[in-house]
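Input: a single structure, listed below in structure tokens.
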Amino acid sequence: MRLTQSLLSSVGKMTKLYSNLPESYIKRAMEKGKVGWKTPRTVQYQPKEIKKKHYRFTMNRPWTDEFARQNQVSRKKVYVKPIPKWSYFRGDMVEVLVGKDKGKQGTVSQVIEERNWVVVEGLNAHYRLVGKTAQYPGTMIASEAPLLVDDQVALLDPADNKPCTIEWRYNESGERVRVSTRSGRIIPTPTQAEETYDYKTAATYRESERDTKEDDLTIISFKPQLSTFEMDVAESMGIELGPPPSETHWY
Amino acid sequence: MLLPIPTSLVSYAQCRALHTSASLLGKRNFRKFLLGPKAGTLAFKNERAKEVSFRKKFPDIDIPDYGTRPTGAHRLGDSTFITVPEMIPELVVPDLTDFNLKPYVSYRCPEVVQEEFTARDLFNAVYSDKITADFERGALTEGGQPREPSAEESLTAESARQRARGVHTDIWEK
């Protein structure tokens with residue numbers, strides 16, 4: 001039990017927020033496939049499990065099949081610097097500090113907290129041809145490589161759009177905000193940070209016929225009455241309350 | 001069973017355990033084998049179909065049923081199956097017209113926080129209006145008891161308990 005909890009806690013908070021999936025599903029999906037073995041749940045067997053001790057997080061999300069396939073092979077453990085307060089969100093403008101795109105600025109399109117990675121759209125990419133045949137030259141696709149958050153990218157100071165270091169401070173309303181240490185300007189959280197797999201923003205979520213609407217949800221139809229549950233049921237079914245049965249005693 | 005071996009013929013190092021009969025006398029604990037419903041030859045499955053005789057022949061083997069509840073029983077000493085209507089579950093589904101609560105909740109809805117409805121809240125809901133009205137027009141005694149008690153106020157613990165026990169079933173009514 002403790003082992004599974006530590007496995008689930010190794011999945012980043014940003015990942016869980018973006019996925020909008022129940023935690024039990026993520027845990028179950030990570031453990032499926034050939035990454036472990038369980039004894040059959042019958043009377044003959046003791047409930048034992050052989051499990052992976054740690055997962056190697058990749059560009060694929062932890063509940064996907066590709067992730068399970070990549071984790072079937074045991075690889076050397078990756079040491080990830082623990083970052084107490086994660087400061088990078090989808091939609092942030094960052095500058096790339098290393099590689100062939102050094103000095104260029106782009107938007108964060110993906111955040112992989114478990115490896116301290118961000119993926120910047122269009123930058124630090126390698127290009128590959130997909131679907132090349134003798135007749136067709138193929139489609140060129142840019143696959144962005146991830147960048148480490150502490151060394152390889154930097155958030156931009158809104159005053160001069162140059163890379164800066166940030167701190168989390170409290171503003172007048174008491175909210176925690178990111179502040180550039182150089183100029184003191186607040187770096188606002190982008191609206192794309194609120195995006196999940198199901199919606200771009202909660203207010204613009206497209207309701208389906210199986211969703212309870214706000215008006216129906218906030219109705220309180222409970223009327224406090226001095227009666228037991230059985231009496232309520234009898235009243236709704238039209239059963240009259242009769243005389244009480246004879247007394248019972250426990251000896 | 002280890003037979004006595006004459007020590008002149010073999011040394012201790014060369015000696016191995018000899019079994020004159022098959023180990024465990026060929027018995028197998030079939031309870032340890034997980035036989036799925038697809039396991040076995042046609043004869044095995046046919047025997048399973050006639051369950052009573054099979055059970056007599058192989059009392060050890062457990063036939064998996066995935067926990068389905070039976071809707072009847074076999075006649076004693078026979079393989080005929082009698083369906084008992086009372087064992088068939090009756091799903092009681094309430095009428096859902098004008099019921100707007102759906103299985104999921106929209107992400108647009110705000111977080112609704114409802115505190116626990118305690119006994120104190122129930123008391124306030126049932127009695128507080130009358131008590132405040134009586135207090136304002138002076139209809140309470142010095143001890144705080146009502147001079148003109150309502151039906152709820154004149155309930156005692158014993159009478160309330162008897163009232164609750166008065167709920168009968170109407171299954172047997174014609």
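Within every chain, numbering begins at 1; the chains are lettered A, B, ... in the order of the sequence lines, protein sequences first and strands thereafter. Remember, it's a predicted structure, so these values are computed and weren't measured experimentally.
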If you count heavy-atom pairs under 4.5 Å with chain B, which of A:Val233, A:Thr204, A:Asp216 comes out on top?
A:Asp216
Under 3.5 Å, is there a donor-acceptor pair between the side chain of A:Asp92 and the main chain of A:Val94?
no
Using a 4.5 angstrom heavy-atom cutoff, name the option from B:Arg165, B:Glu152, B:Arg108 with the most pairs to chain A.
B:Arg108
Given that the side chain runs from C-beta out, which part of B:Phe117 has a heavy atom under 4.5 Å from chain A: side chain, backbone, both or neither?
side chain
Please report the shortest heavy-atom distance between A:Val11 and A:Ile26, naming the atom on each side.
CG2-CG2, 4.5 Å
Quick check on B:Val167 against chain A: is it the side chain, the backbone, both or neither that has a heavy atom closer than 4.5 Å?
both
For A:Thr196 and A:Asp198, test the side chains for any donor-to-acceptor distance below 3.5 angstrom and give the result as yes or no.
no
Under a 4.5 Å heavy-atom cut-off, does chain A meet the side chain of B:Val105, its backbone, both or neither?
both
Evaluate whether atom CD of B:Glu153 has more than 12 neighbouring non-hydrogen atoms of other residues, nucleotides or ligands under 6.0 angstrom away.
yes
Under 4.5 Å from any heavy atom of chain B, what part of A:Ile219 do you find: side chain, backbone, both or neither?
neither
Tell me, yes or no, whether the heavy-atom count around A:Phe222 atom CZ, taken from other residues, nucleotides or ligands under 6.0 Å, exceeds 12.
yes
Check: B:Phe135 main-chain N/O paired with B:Arg137 side-chain donor or acceptor under 3.5 Å:
no
By a 4.5 Å heavy-atom criterion (distance strictly below it), what part of A:Thr201 contacts chain B: side chain, backbone, both, or neither?
neither
Can you tell which part of B:Phe99 gets under 4.5 Å to a heavy atom of chain A, answering side chain, backbone, both or neither?
neither
Contact leader toward chain A among B:Ala125, B:Ala160, B:Pro110, where contacts are heavy-atom pairs under 4.5 Å
B:Pro110
Contact class of A:Glu247 relative to chain B, heavy atoms under 4.5 angstrom:
both
Below 4.5 Å, heavy-atom pairs only: which of A:Ala234, A:Ser208, A:Gly242, A:Ser227 has the largest tally toward chain B?
A:Gly242
On a heavy-atom basis, the closest approach of A:Pro224 and B:Leu122 is CB-CD1, 4.0 Å
Please flag which part of A:Ile239 lies under 4.5 Å from any non-hydrogen atom of chain B: side chain, backbone, both or neither.
side chain
With a 4.5 angstrom heavy-atom cut-off, which part of B:Arg161 approaches chain A: side chain, backbone, both or neither?
side chain
Are any of the side-chain heavy atoms of A:Arg61 and A:Thr15 separated by less than 4.5 Å?
yes
